[in-house]
Amino acid sequence: MCGIIGLHLRDPELQDQLGSLMTVMLQGIIVRGPDSAGVALYGDTQRVPDGYAAVSMLHAPEGLAEAVAGQAPDLTDLTVEQAGETTVVAAATDPDQLAKAVEAAAPGAMVIGQGDDSVVYKGVGHPLELAKDFRLEEATGWQGVAHTRMATESAINAEGSHPYAVGTGLSLVHNGSFSNHASIRRELQLDGATFDSQNDTEVAARFVSARLDAGDDLEDALVALGKRFDGFYTLLVATNKGFAVVRDEIACKPAIIAEHPRYVAMASEFQALAYLPGIDEARVFEPEPGRVYAWRREGALTGASECRT
Ligand SMILES: NC(=O)CC[C@H](N)C(=O)O
């Protein structure tokens, strides 16, 4: 099991409702993943104003704000939000600078996401309780993804919760399990990647991140993933530019997409989409096995690319 939702808003007038729409969607996937949950929100300018960065972390120590300020005295507008197990540090700087200051200030903590337009939360517990911790209902923005987990490949802890947010603005959520993740992990480690968990999904996130760093666009990175990873998967991958969905060639993990002039929504099950505004007019379809579907922020369907030849 495991449940995935994603909402990519084309109509700016819906942006104030991103969190309330996602909260309703989340209720449709709780049954698929009752042990943990996480979200990534894009364009919530209350949480990450223009010109600011946010770094999310687990295991943050007491006195983090003072410690970060001590590491980077020039940082302005430093805030620290505690949201269950996730701590979000924001400041008027860029994500790399902030992540460096946070890592120096809290070497025992684990960075689980950094962005200048995105913020990540995750933890263990009932998804609706976690959604309260994350203040999901009040979130705004142009895109969000969420996950409810039923663990298969690593322990039930916050490190094993999705999304896996690697690099700036990339968030990946997964339903399924990869059968060759250990060997791909070793290859990525030889190339210098480091890992925070034993989870198979983290391997996919670091693989996609490495491809994006090497110059691939998101569609190409997911086509490459389809060629390299074995196992079962529906993946939803979000970046600062948009999001993409891909399923393996057998496609036993469910997925449904609703394309509407005002939004693109994706979920593991239709019931998560059923209450979206105008759903009756949406084009609702099941993504084909082995194909990448991607949407960019401008709102245009970029088309579906073959995952395997
Ligand atoms: N049930 C699932 O889809 C699990 C996803 C992933 N393999 C994990 O354990 O986190």
Side-chain angles (χ1 to χ4, degrees), residues 1-6 25-40 56 58 84-86 110 112-113 120-128 130-131 134 145-166 170-186 188 193-209 222 225-226 228-238 243-257 266-272 286-287 289-290 307:
M1 297 273 263
C2 275
I4 295 172
I5 56 163
M25 292 175 76
L26 189 72
Q27 292 176 31
I29 56 164
I30 289 170
V31 67
R32 296 189 61 84
D35 68 46
S36 335
V39 302
S56 303
L58 299 173
E85 291 172 86
T86 301
M110 179 187 295
I112 55 164
V120 171
Y121 300 87
K122 56 184 172 179
V124 171
H126 191 281
L128 277 188
L130 292 169
F134 308 155
V145 303
H147 186 265
T148 61
R149 182 170 187 233
M150 184 179 284
T152 63
E153 301 300 308
S154 68
I156 299 173
N157 53 28
E159 289 85 340
S161 304
H162 307 204
Y164 280 96
V166 179
L170 172 74
S171 309
L172 184 146
V173 291
H174 171 208
N175 173 203
S177 56
F178 297 114
S179 54
N180 60 344
H181 63 98
S183 50
I184 301 171
R185 175 185 294 257
R186 285 193 291 274
L188 291 170
T194 56
F195 286 81
D196 293 329
S197 73
Q198 294 305 313
N199 190 276
D200 57 333
T201 307
E202 183 181 358
V203 181
R206 296 205 182 271
F207 179 92
V208 172
S209 176
L222 291 177
L225 180 145
R228 187 66 190 89
F229 282 72
D230 296 326
F232 301 118
Y233 54 90
T234 292
L235 293 174
L236 173 61
V237 188
F243 74 24
V245 175
V246 64
R247 302 167 85 193
D248 67 81
E249 286 192 331
I250 294 173
C252 63
K253 298 298 175 189
I256 188 104
I257 293 174
M266 179 272 166
S268 298
E269 306 210 8
F270 177 74
Q271 61 190 6
E286 201 181 323
C307 199

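In each ligand, atom 1 is the first atom listed, and ligand 1 is the first ligand listed. Everything numeric in this text was worked out from a predicted model, so none of it was measured. Note that these values count all heavy atoms, side chains included, but never hydrogens, waters or copies made by symmetry. Index from 1, following the sequence.
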Report task. Determine, for F207 and R228, whether the Lys NZ or Arg CZ falls below 6.0 Å from the six-membered ring centre while staying within 45 degrees of the axis. Result -> no
Query - Taking atom 6 (C) of ligand 1 as the reference point, the nearest protein heavy atom with its distance - result: D200 OD1, 3.4 Å
Query raised in the report: Do other residues, nucleotides or ligands put more than 12 heavy atoms under 6.0 Å from the CD1 atom of I250?
Result: no
Query - T201 neighbourhood, listing ligand 1 atoms whose heavy-atom distance to it stays under 4.0 Å - result: 6 (C)
Query raised in the report: Looking only at heavy atoms, which two atoms of I5 and L26 are closest? And how far apart?
Result: CD1-N, 3.7 Å
**Report entry** Contact atoms of ligand 1, heavy-atom distance to M150 under 4.0 Å
**Finding:** 1 (N), 2 (C), 4 (C)
Report summary line: In this structure, atom 1 (N) of ligand 1 is nearest to the protein heavy atom M1 O, 2.5 Å
Report summary line: Closest to atom 5 (C) of ligand 1 by heavy-atom distance, out of S154, G176, S177, is G176
Report summary line: Under 4.0 Å between heavy atoms, the region of K253 that gets near ligand 1 turns out to be neither
**Report entry** Closest non-hydrogen atom pair between H174 and D200, with its separation
**Finding:** CE1-OD2, 3.4 Å
**Report entry** Options T148, D35, T152, ranked by nearest heavy atom to atom 7 (N) of ligand 1, top entry
**Finding:** T152
Report task. Report yes or no: does H181 contribute a side-chain atom to a donor-acceptor pair with the main-chain N or O of A204 at less than 3.5 Å? Result -> no
Query raised in the report: Does any N/O atom on N175 come nearer than 3.5 Å to any N/O atom on ligand 1?
Result: yes
Query raised in the report: To the nearest 0.1 Å, how far is atom 2 (C) of ligand 1 from its closest protein heavy atom, and which atom is that?
Result: C2 SG, 2.6 Å
Query raised in the report: Are the side chain of S56 and the backbone of V120 linked by a donor-acceptor contact shorter than 3.5 Å?
Result: yes
**Report entry** CD (E269) with more than 12 external heavy atoms under 6.0 Å
**Finding:** yes
Query raised in the report: Does H162 reach ligand 1, in the sense of a heavy atom lying below 4.0 Å from it?
Result: yes
Query raised in the report: Numbering the atoms of ligand 1 from 1, which are under 4.0 Å from a heavy atom of N199?
Result: 8 (C), 9 (O), 10 (O)
Query raised in the report: Taking C-beta and beyond as the side chain, do Y233 and L225 meet within less than 4.5 Å on heavy atoms?
Result: yes
